J.: 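Quick one: structure below, then a few questions.
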Amino acid sequence: MEKISSKKPQVFCLVSLIIILLLEIFVFNGNTFYLLGKNGEVSELPLKDNYSFTQNLNGTLTSIENTATTLQFDNINQPVNTIFIDLTCSGEISTLKTSIDFIDSTSSKYRTTNASMAIINGNEKSMRTTCQFSGDVKSLRLRFEIPEDATITINSIKINERIPFYFSIMRVSLLFGIAALAYLFINSDMMKKPYESSKRFTKFITIGLTIILIMLSLLTTVSNKNFMSNGTNQMTKELVDAFEAGQVSLIEKPSE
């Protein structure tokens, strides 16, 4: 019986790791397998300037400031299962909301409420999305919600390209750590003792968890550019100006 009980932690760790890896592969990266069994050729949509975009010498498109920014693609005439919009935003934009309108085999006019994207500046994964259109898509229209005095540059737009597999060591480690802590709390004899007799152990666990959470927060902040926007909004700017002037009220009073 002692041998069986001594193997319980190893068995639990192995089973937990297998389950977490399966979740990472088939749940968190489920979109990687989205194209299995689907029709549609990988194609790059032609970029052309219009009233809201100007074409650069290298073929990319840059939006014109303070205009409604829309791109339309006609005569696609094939299934569209994924869309990849490779773009860069000016520093004032951290997240770009993009609406996807389409005409498929079930409609003769644009459907405007079915698909959208929230593109994070510098995050390639957010530039890809899956689509649930019916049959062949005749036309696509992309509407970008760009703030005033900001611009975006579109490098390319591709359809039916496979979504890459993104394996996250941080996510796997976090889930495994949570499972290990749960097992420790439930099965450890030390955790079943009164607080008075396990003060040192409790203090050690508390400090260890705090350090781990701080490190995870720092890693997330450093690795995610969305937390590091170079721009500021108007409210933040007015507050900073007030603090620099040595006062805790706004320099310019809002109109009533």
Side-chain angles (χ1 to χ4, degrees), residues 28-65 67-147 150-167 224-226:
F28 296 116
N29 283 283
N31 286 339
T32 301
F33 311 100
Y34 185 76
L35 290 179
L36 291 178
K38 295 184 181 294
N39 299 321
E41 296 180 359
V42 178
S43 303
E44 184 170 345
L45 301 180
L47 299 179
K48 298 179 181 179
D49 57 351
N50 58 19
Y51 66 92
S52 57
F53 284 91
T54 56
Q55 192 155 31
N56 305 311
L57 293 177
N58 60 358
T60 61
L61 295 180
T62 298
S63 61
I64 301 173
E65 291 184 1
T67 62
T69 45
T70 302
L71 278 179
Q72 183 170 316
F73 304 95
D74 298 316
N75 300 317
I76 297 175
N77 299 324
Q78 68 161 314
V80 175
N81 302 302
T82 64
I83 298 176
F84 172 40
I85 307 175
D86 182 9
L87 58 77
T88 54
C89 306
S90 60
E92 293 79 8
I93 304 175
S94 59
T95 303
L96 176 68
K97 185 176 180 181
T98 304
S99 299
I100 304 171
D101 306 332
F102 60 93
I103 300 176
D104 60 12
S105 59
T106 64
S107 60
S108 58
K109 296 182 179 180
Y110 274 106
R111 296 181 181 272
T112 59
T113 59
N114 292 62
S116 64
M117 301 172 65
I119 298 175
I120 301 172
N121 192 17
N123 186 318
E124 182 181 319
K125 186 176 182 180
S126 68
M127 300 177 188
R128 302 176 184 271
T129 187
T130 58
C131 307
Q132 289 82 35
F133 306 147
S134 298
D136 290 349
V137 172
K138 301 173 184 176
S139 300
L140 275 178
R141 184 173 63 195
L142 305 177
R143 293 182 286 118
F144 304 95
E145 297 185 11
I146 305 176
T151 60
I152 64 172
T153 298
I154 298 179
N155 304 311
S156 65
I157 299 177
K158 297 179 181 179
I159 59 174
N160 296 323
E161 186 176 68
R162 187 182 71 85
I163 296 179
F165 184 87
Y166 297 95
F167 186 85
N224 195 334
K225 294 182 179 180
N226 191 38

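Everything quoted here is computed from the prediction, not taken from an experiment. The basis for the numbers below is simple: all heavy atoms, side chains too, and nothing from hydrogens, waters or symmetry mates.
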J.: Does Ser43 form a side chain to side chain donor-acceptor pair (under 3.5 Å) with Gln78? I'd like the steps, not just the answer.
T.: CA-CA 10 Å; Ser43 303; Gln78 68 161 314; 3.1 Å; yes

J.: Would you call Gln72 and Leu140 a side-chain contact if the rule is heavy atoms closer than 4.5 Å?
T.: no

J.: In the structure I gave you, are the side-chain heavy atoms of Arg141 and Thr112 within less than 4.5 Å of one another anywhere?
T.: yes

J.: Below 4.5 Å, heavy atoms only, C-beta onward: do Phe53 and Ile64 meet side chain to side chain?
T.: no

J.: Could you check whether Thr82 and Asn160, counting side-chain N and O atoms only, form a donor-acceptor pair closer than 3.5 Å?
T.: no

J.: Can you check side chain to side chain donor-acceptor pair (under 3.5 Å) on Ser105 and Asp136, steps first, answer last?
T.: CA-CA 6 Å; Ser105 59; Asp136 290 349; over 6 Å; no

J.: Should Ile157 and Asp86 count as side-chain neighbours, where that means a heavy-atom distance under 4.5 Å?
T.: no

J.: More than 12 foreign heavy atoms under 6.0 Å from NZ of Lys48: is that the case here?
T.: no

J.: Does the side chain of Thr106 come under 3.5 Å of the side chain of Arg111 through a donor N or O and an acceptor N or O?
T.: yes

J.: Using side-chain contact (heavy atoms from CB on, under 4.5 Å), reason through Ile159 and Val42 one step at a time and then give a plain yes or no.
T.: CA-CA 6 Å; Ile159 59 174; Val42 178; over 6 Å; no

J.: Report the residues that fulfil salt bridge (charged side-chain N to carboxylate O under 4.0 Å, His left out) with Arg143, sequence neighbours left out, ordered by chain and then residue number.
T.: Asp101

J.: Is it true that the side chains of Thr62 and Thr153 contain a donor and an acceptor less than 3.5 Å apart?
T.: yes

J.: Could you walk me through whether Leu96 and Ile152 pass the side-chain contact (heavy atoms from CB on, under 4.5 Å) test, one step at a time?
T.: CA-CA 9 Å; Leu96 176 68; Ile152 64 172; 4.0 Å; yes

J.: Name the one of Asn75, Asp104, Ile103, Ile76 that satisfies side-chain contact (heavy atoms from CB on, under 4.5 Å) with Lys138?
T.: Ile103

J.: Show your reasoning for whether side-chain contact (heavy atoms from CB on, under 4.5 Å) applies to Thr88 and Ile154.
T.: CA-CA 7 Å; Thr88 54; Ile154 298 179; over 6 Å; no

